[in-house]
Trainee: 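Take this structure, written in structure tokens, and hold onto it; I'll ask about it next.
Every chain is numbered from 1 and lettered A, B, ... according to where its sequence line falls, protein lines coming before strand lines.
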Number of protein chains: 2
Amino acid sequence: MRDEEIAAIRELALFASMDEKNFDELVQGSYLQIFPPGLQLISEGDPADFLHIVIEGCVELVATANKRETTLFMIEPVKTFILAAVLKDDVYLMSARTAIRSRILLVPADAVRQVMAKDGEFALGMLHELANYYRVSVRTLKNQKLRTGVERLANYLITLDTLQGASGVCKLPHDKRTLASYLGMTPENLSRAFGTLAQYGVEVSGRKISLSNLEDLTVLAKPEKLIDG
Amino acid sequence: MRDEEIAAIRELALFASMDEKNFDELVQGSYLQIFPPGLQLISEGDPADFLHIVIEGCVELVATANKRETTLFMIEPVKTFILAAVLKDDVYLMSARTAIRSRILLVPADAVRQVMAKDGEFALGMLHELANYYRVSVRTLKNQKLRTGVERLANYLITLDTLQGASGVCKLPHDKRTLASYLGMTPENLSRAFGTLAQYGVEVSGRKISLSNLEDLTVLAKPEKLIDG
DNA sequence: TCATAAAATTGATAAAAGTCAAGCTCTTGA
DNA sequence: TCAAGAGCTTGACTTTTATCAATTTTATGA
């Protein structure tokens, strides 16, 4: 790993206040790797060997059962994933694959656990990271259990537009297939949901979305601080 | 609080290996209270003042949006709840109410954060507790997104029977209303789901359930280690 | 023990979501 | 530039789930 990359990682909230020596110990055994899109990084049920950190790109966390698959989370830089499995020295509950070409830092799980036990600052960093993930997971669960598909899409679009500058024009960051899976519906249903939203000023052209009637859309979506942030 | 109660709490994995002095500091500001059933302990959106620990009884974590309500988790002794909000010094994402008469220990949030910062063992205990919750939340999300209502009920019954001794006879721990909400369906639908399961050997009489054909039920339910544990 | 309320069930209907099949549209690489 | 394939959309239909209304059952306290 190059020095400038190490320095960038050091800045992350997770590592920022930990001891220099412990940081070195963590980084020494780590690998920084570039993966092509669509590559399976982790399979659910496997033991947790490495803590993963997305430095660049995007990773999709998916789960399977009943011959069905669903996308649970999309992980963007700079974030860890599968922290809980590493921490508990247990198997992964989700699979992970790159959504696009991605640079990922692999930190050996036993090193993470060892350093955590002796560096309180690092343990606190992990605690905060994990607390964030727990809350994201609870929000996702609320979104899924309390809203219909159309409502989930409407809120997703409002949030997306806000993140991209609230200009009323935004761009989907993923495949519609992936988006459908993330929103908990089939691709066919996503198409129809976009159709339903047309009367609320949502125009779709490929991945480009324009929201020309945010008031009506918001009335339909009923965004909630405790779900959408 | 009585000495024997303090001793019992001290035994919890969360507190077991922490420093005596720090433990005393935590306990000193805490209250142990008994609440009647159906009492609202926490409202979603409120700032996190206390870490709650269910010593006896049962607490339901619910969330609301769109004039709908859903039960996200049932917390049984001896477990903490709303740890993440306390940790992040943020608002609660869920409301909490007692399902039955319950004894609950209330630990001031700022004390928790202070002790956590200076006692590494306690921080590690919190980390494990939180990792457990995160994983429960992910399992719940998988259950919700990958299964139909009937499948969720079937798996719930198989797990319940296993927990209660795998005798093929078990007892629902909650109202059917509450169970329906927990399983992500309406009470009417729960009734019909029980009806559907009759042909798989599920007999219902009030809260008493008997499973006379576990093989067929299991074929339908397709339990998964990574969802049902 | 009975009256009352709450909980649970059942039926009828509607809405939401999934499935299957066909066709369209956009890449993308030869 | 075009052909192939993947991604997306649309239509017809089925399944799943919710809603509303009416009963029945169960629990509870006077």
Trainee: Rounded to the nearest angstrom, tell me the gap between atom CZ in B:R147 and atom P in C:dG18.
Mentor: 17 Å

Trainee: Within a radius of less than 6.0 Å around CZ of B:R101, do more than 12 heavy atoms belonging to other residues, nucleotides or ligands occur?
Mentor: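 Incorrect, the count does not exceed 12.
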
Trainee: For the residue pair B:Q40 / B:S43, report whether a side-chain donor-acceptor contact shorter than 3.5 Å exists.
Mentor: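 B:Q40 and B:S43 do have a side-chain donor-acceptor pair below 3.5 Å.
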
Trainee: Could you tell me how far apart A:I209 (CD1) and D:dC8 (P) are, to the nearest whole angstrom?
Mentor: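 Rounded to the whole Å, the gap is 11 Å.
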
Trainee: Examine the base of C:dG11 for any acceptor or donor lying under 3.5 Å from a partner atom in the side chain of B:R192, and report the outcome as yes or no.
Mentor: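 Under the 3.5 Å cut-off, the side chain and the base do form a donor-acceptor pair.
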
Trainee: Can you tell me the distance, in whole Å, between the CG atom of B:N189 and the P atom of D:dT19?
Mentor: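 For the pair B:N189 CG and D:dT19 P, the rounded distance is 10 Å.
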
Trainee: Provide, to the nearest angstrom, the distance between the CZ atom belonging to A:R177 and the C1' atom belonging to D:dG5.
Mentor: 13 Å

Trainee: Find which nucleotide of DNA chain C each of A:G149 and B:V204 is nearest to by heavy atoms, and output the residue with the more 5' nucleotide.
Mentor: B:V204

Trainee: Distance check: side-chain N/O of B:K176 vs OP1/OP2 of C:dT9, anything under 4.0 Å?
Mentor: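 Checking B:K176 against C:dT9: at least one side-chain N or O falls below 4.0 Å of OP1 or OP2.
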
Trainee: C:dA17 P sits how many Å from A:L190 CG, rounded?
Mentor: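 Interatomic distance, CG of A:L190 to P of C:dA17: 12 Å.
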
Trainee: Could you pick out which residue, A:T148 or A:E188, lies toward the 5' side of DNA chain C when each is mapped onto its nearest nucleotide?
Mentor: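 The residue whose closest nucleotide sits nearer the 5' end is A:T148.
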
Trainee: Quick test of your reading of the model: are B:R152 and B:D228 salt-bridged, counting only N-O distances below 4.0 Å?
Mentor: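 Result for this pair is no, no salt bridge flagged.
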
Trainee: Can you tell me how far C1' of C:dA16 sits from NZ of A:K145, to the nearest Å?
Mentor: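 Value for this atom pair: 18 Å.
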
Trainee: Looking at A:R97 and A:E69, does any basic side-chain N land under 4.0 Å from a carboxylate oxygen?
Mentor: yes

